[in-house]
There are 2 protein chains.
Amino acid sequence: MPQQRSEETRAHLLDAAVRRFAISGYNAASVDEICAEAGVSKGAFYHHFPSKQAVFLALLDGWLKTIDAGLESMRQASVPETFVEMTRLLPAIFAAADERLPMFLEFWLQASRDEKIWEATIAPYRHYQEYFARLVSNGIAEGSLKPDTDPQAAAQVILSLAVGLFLQGVLDPHGADWQKVGEESMKILMNGLAK
Amino acid sequence: MPQQRSEETRAHLLDAAVRRFAISGYNAASVDEICAEAGVSKGAFYHHFPSKQAVFLALLDGWLKTIDAGLESMRQASVPETFVEMTRLLPAIFAAADERLPMFLEFWLQASRDEKIWEATIAPYRHYQEYFARLVSNGIAEGSLKPDTDPQAAAQVILSLAVGLFLQGVLDPHGADWQKVGEESMKILMNGLAK
DNA sequence: ATAAACATACCGACTGGTCGGTATGTTTCT
DNA sequence: AGAAACATACCGACCAGTCGGTATGTTTAT
């Protein structure tokens, strides 16, 4: 019977890793720490994962899939109004991050210094920008958006705003009424893009 | 006349620290590394600074002063148009950061986990938000801005956009035409806020 | 049926290396 | 002389990853 615990142990390790990474950060959280929290030995850790980075990448992969699933279900819900989609998508994209965003950011920083890791982990995020750019293009074609809007740039602005909002919101949770700021930012964005 | 080359050595250490922090990051850059780049010994380092963190705080302090100076000179230039001030201020605020932003972010992440460090280092940034909020309030009073705009929230949006833009621009320098994105974001922002 | 042969899951002591910081010099200026 | 301005050697803690070993399975040959 203990033989069958394999998957369970792996799950425990992943779960413990999330918590420790979220609390201490990717670098500060030691493998020993994670093992202690998972209640297993270091041997078990290295039996399931080849390295510390591998656990993080496994977690990251899971979040990316969650986000993609959210994006897909949103696409299938087929709300015709592009702006409504936009405003609903921004929270959805970051809902899978929440308190885990700081560790993701920490990893982002390290990845930005290592091109191989960057390409393998962060670069895939770029397709969200393409999605927003398409929404903007549709809006222009429909005539609901200002015709001189650059879709690529606008998409970048939307994503930048989202990143900035959540970055400040997560790292400075007591600094502002983020609910209100979120609504206000959407209002400004929509006013600025609408024809 | 100060004894020996004390001030010069200190300057060399600060200069070396900036470069190493920018290249390797705050944590990864070791004190030995910084000393080697500065061409002095570890003893010299700990003669001038009580700790590794102290060097970083000294650098941070310098940047904050640079930013404040830029803000002040901008205020004295007394451009009456609030929006013009705004669009000019955003680059000014981050001009002093540029390639040093990643290490600042790394420190930000660590500070967010330690309230004392946070209050001493990051919290003072909040006064920029007050400044933007005042600009928005003025705009509403003048009648050039939508009257239902929440100044605090709008200021937060402006700062969030700036943070998001520069974060993406610095960390993903090849990802977009950041000049164009910057202009586009200002256009959208101004359109969204103007009455 | 069962024992031998093998595979998987896990343990925990240990290693090699790193790094912030310190203790103890030595030199140089006043 | 004596204090400031360094230099050098070293300490102790930490930490990712390794490795020999064990316990608990599963498969295969008889």
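Quantities reported herein were computed from a predicted structural model and do not represent experimental measurements. So you know, we letter chains A, B, ... as the sequences are listed, proteins then strands, and number each from 1. Worth knowing before you read on, the calculation uses all heavy atoms, side chains too, and leaves out hydrogens, waters and symmetry mates.
- Annotation for B:Thr149 and A:Glu184: closest pair CG2-OE2, 3.5 Å, computed over non-hydrogen atoms.
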Between the protein and nucleotides 17-21 of chain C, list the N/O to N/O atom pairs that are separated by less than 3.5 angstrom.
{"residue": "C:dG20", "atom": "OP1", "partner": "B:Lys52", "partner atom": "NZ", "Å": "2.9"}
{"residue": "C:dG20", "atom": "OP2", "partner": "B:Val31", "partner atom": "N", "Å": "2.9"}
{"residue": "C:dG20", "atom": "N7", "partner": "B:Lys42", "partner atom": "NZ", "Å": "3.1"}
{"residue": "C:dG21", "atom": "OP2", "partner": "B:Tyr46", "partner atom": "OH", "Å": "3.0"}
{"residue": "C:dG21", "atom": "OP2", "partner": "B:Lys52", "partner atom": "N", "Å": "3.1"}
{"residue": "C:dG21", "atom": "N7", "partner": "B:Lys42", "partner atom": "NZ", "Å": "3.0"}
{"residue": "C:dG21", "atom": "O6", "partner": "B:Lys42", "partner atom": "NZ", "Å": "2.6"}

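- Considering B:Arg20, B:Lys52, B:Lys42 in turn, B:Arg20 is the only one that fulfils the salt bridge (charged side-chain N to carboxylate O under 4.0 Å, His left out) rule with B:Glu33.
- As rounded to whole Å, 15 Å separates atom P of D:dA16 from atom CZ of A:Phe56.
- Note on B:Thr9: a side-chain N or O is less than 4.0 Å away from OP1 or OP2 of D:dC6.
- Grouping the Ile, Leu, Val, Met, Phe, Trp and Tyr side chains by contacts below 4.5 angstrom, directly or via other members, places A:Leu105 apart from A:Ile23.
- The interatomic distance linking A:Phe49 (CZ) with D:dA16 (C1') rounds to 16 Å, in whole Å.
- Here the C1' atom of nucleotide C:dC10 and the CD atom of A:Glu8 are 14 Å apart, to the nearest Å.
- Taking side-chain N and O atoms only, B:His48 has a distance below 4.0 Å to OP1 or OP2 of D:dC6.
- Contact annotation: A:His47 side-chain N/O to C:dC10 OP1/OP2 distance is not under 4.0 Å.
- Take A:Phe56 and apply the ring pair (Phe, Tyr, Trp, His ring centres under 6.0 Å) test, not counting sequence neighbours, and it matches A:Phe21, A:Tyr26, A:Phe107.
- Nearest heavy atoms, A:Phe45 versus A:Ser51: CE2-O, 4.0 Å.
- Of all non-hydrogen atoms in B:Leu13 and B:Ala38, the two that sit nearest each other are CD2-CB, 3.9 Å.
- A straight line from CD of A:Glu7 to P of C:dT8 spans 14 Å, rounded to a whole angstrom.
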